[in-house]
Amino acid sequence: MSSDEEVWDEINVEDKIINTDTLKDTNLHPETVNVEITNETKRISPQQRLMRRIVHRVHFMCLFVHYKKFNLQLNSSLHKSHLLSILPESFLNVKHLEPKKMAVYLKLLSRYLHSVFKIESLDDEEPLGLLEAFQQRKVYEDQFVAFFVIIMRSLGLKCRLVVSFNPVSYKSTSHITNPKKRIKLDETSLMEYPLTWAEVLNEFDKRWIHGAVKDITVRYCAYYGARTVKLRTEERLWDYMLSLNKKFYVKPEDKLENEEFLERQRNETLPTTKTGFKNHPLYVLESQIRQNQAIYPKTPVFGLFNGESVYSRSNLKSKEAWLKEARAIKDGEIAIKTVKARTLKKKAASEELADNDTCPLYGIWQTRPYVPPKVVDVNHGKVPRNEFGNLYVFRPEMVPDDCCHIPYKGIDKIAKKLDIDYVDAVVRFEFNRGRSFPVLEGIIVLEKHRDILVEAYEQVENHKVQSHFEEIQGKVINRWSRLIKKLIIRDRVNKLYA
DNA sequence: CTGAGTGATTTTCCTTTGCTGTCA
DNA sequence: ATGACAGCTTTGGAAAATCACTCA
């Protein structure tokens, strides 16, 4: 980690991206040059902001990948046997200890490991690998924690490597030039759980890496909702990285912990400042309600802040936006709010429709899960379709019963050839030339046709690959035979006339 | 030092079903 | 002939967030 950081420290983000665009802007207003220059120096330019964001992201991803790999190393049986070999016998019997005894045990183990390994800082030297570090009994802090985790895991205890990321922030230069770092083995939280922990603690973002990856920040931040969450700049990137590692089942201890996290969030004390309420994940003040938000129901009131009631937050969405989440508006529901809608330019101005300029918004309590259209008769039936002759499949659950989505390119032609009824699948909308257009990916067919279609598709694809191969093979053979014929001719000519 | 307030600037939100020319 | 496909052009206005600052 420290090596990563050194690398980042060397990059002076500010200096590299000053280009002519910013100068051009200042020159546009010669009469206000002074103002412009002070603004220019005080506020970072869009280019700088972009660069910082990229640096932030790359740093974040490097940390993520580094620790994921690091953690995988900790399961190696070689490391396990090495570490177990230096452990006194008294440490080996650790299963089924009471939480309190466990805490004592962990303290002793930690003390013992400290006596064996010398912890070095990583200032100048190239860090040693885990194996060399073990042999030389010299480790840096990450490795010390790693050894702890290895021992725990080889003794059959569940142990996480907890890593707190502190990627360079793009919000303030001080973070880029002086990243503060604090790594320590925290033993207090070990007391609370029968599970064993090793953690590497850092300033705000705390992540769990353990094959699967999990965000456990809530446990460590007192003001998670009011403060910490807002320091996150790349929530979408994080969600994406997590989704790559998602496990498809929830282990019992995870379930328990997830509940604990929810509980912790709920129990977090109300923010004490107005800014603390701004964009708080749970609470909202009526005066801060946004255009696409509403307070419903008006109970419970969580408390008072400056004489204002504190409510829970609920977002409103348009019918179309709900559909993208596979939810439909219940019958007879009336919009909570109405906002101005963006009416796209009609082809002819005269066709302008008057009723199109508002957008009704609904809350989640006014919706139900989307029910896809039914196949009328499975035996002879056709795939249902909407007024445009296709189907919305924004989410997997939006595929009608007895139907399936085959997302292969070119599969529609095969279905057509086999005379199988199908409809195009609309997976999202995209904007182009000021208008939105559906993006089609694959087709929807009756479930009973799936196998025959996929088989046919594979055959066609195989055939394509095969014929491409044969084409190339033919060319190669042709060239070789021409070359050899010509060589034979040359040889004969040489013999006859040389 | 902290948080409310401020103005300039950036981001988000809303929407929702082509056209044309080229080439195999 | 037919159909696949690339290139086209790149909404737009309002509201809210964000940033970098000031001030109490």
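Quick note on labels: first sequence line is chain A, next is B, and so on, each numbered from 1. The figures here come from the full heavy-atom set of this structure, side chains too, leaving out hydrogens, waters and symmetry mates.
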Between the main-chain N or O of A:S287 and the side-chain N or O of A:E308, is there a donor-acceptor pair closer than 3.5 Å?
yes
State which of C:dT18, C:dA15, B:dA4 makes the closest approach to the side chain of A:K274.
B:dA4
Write down the distance between CD (A:Q288) and C1' (B:dG5), rounded to a whole number of angstrom.
14 Å
So what does A:F394 hit on the nucleic acid, given a heavy-atom distance under 4.0 Å: a base, only sugar-phosphate, or nothing?
nothing
Would you say A:S314's side chain and A:A294's backbone share a donor-acceptor pair under 3.5 angstrom?
yes
Can you check the A:L361 CG to C:dA14 C1' distance for me, whole Å?
14 Å
Within this structure, what is the OH-to-P distance between A:Y392 and B:dT15, rounded to whole angstrom?
12 Å
Applying side chain to side chain contact (heavy atoms under 4.5 Å, CB included), name anything that partners A:V399, two or more places apart in sequence or on another chain.
A:V393, A:C403, A:H405, A:I444
For the pair A:Q366 (side chain) and A:I334 (backbone), establish whether a donor and an acceptor sit closer than 3.5 Å, ignoring hydrogens and angles.
yes
Among B:dC14, B:dA4, C:dA4, which nucleotide sits nearest the side chain of A:K413?
C:dA4
Using whole Å, report how far CD of A:E430 lies from C1' of C:dT10.
12 Å
Measure CZ/A:F388 against P/B:dT16 and give the value in whole Å, please.
9 Å
Expressed as a whole number of Å, how far does the C1' atom of B:dC1 sit from that of C:dC23?
13 Å
Can you tell me how far P of C:dG3 sits from CD1 of A:I414, to the nearest Å?
16 Å
When the distance from CD1 of A:I289 to C1' of C:dA16 is rounded to whole Å, what number comes out?
13 Å
For C:dT11 and B:dC14, measure between their C1' atoms and round to the nearest Å.
11 Å
Taking OP1 and OP2 of B:dA4, is either one under 4.0 Å from a side-chain nitrogen or oxygen of A:T275?
yes
Does a salt bridge link A:R385 with A:D421, judged by any charged N lying under 4.0 Å from a carboxylate O?
yes
Give the residues of residues 315-327 of chain A touching DNA chain B, defined as any heavy atom closer than 4.0 Å, sorted by residue number.
A:S318, A:E320, A:K324
In whole Å, what is the span from the CZ atom of A:F437 to the P atom of C:dG7?
18 Å
Would you indicate which nucleotide in C:dT18, B:dG3, B:dT17 comes nearest to any side-chain atom of A:K278?
C:dT18
How far apart are the closest heavy atoms of A:L285 and A:F305, and which atoms are they?
CD1-CD2, 3.8 Å
Donor-acceptor pair, side chain of A:W322 and main chain of A:K317, under 3.5 angstrom
yes
Quantified in whole Å, what is the P atom distance between nucleotide C:dT10 and nucleotide B:dC13?
24 Å
Phosphate OP1/OP2 of C:dA17 contacted by A:R290 side-chain N/O (<4.0 Å)
yes
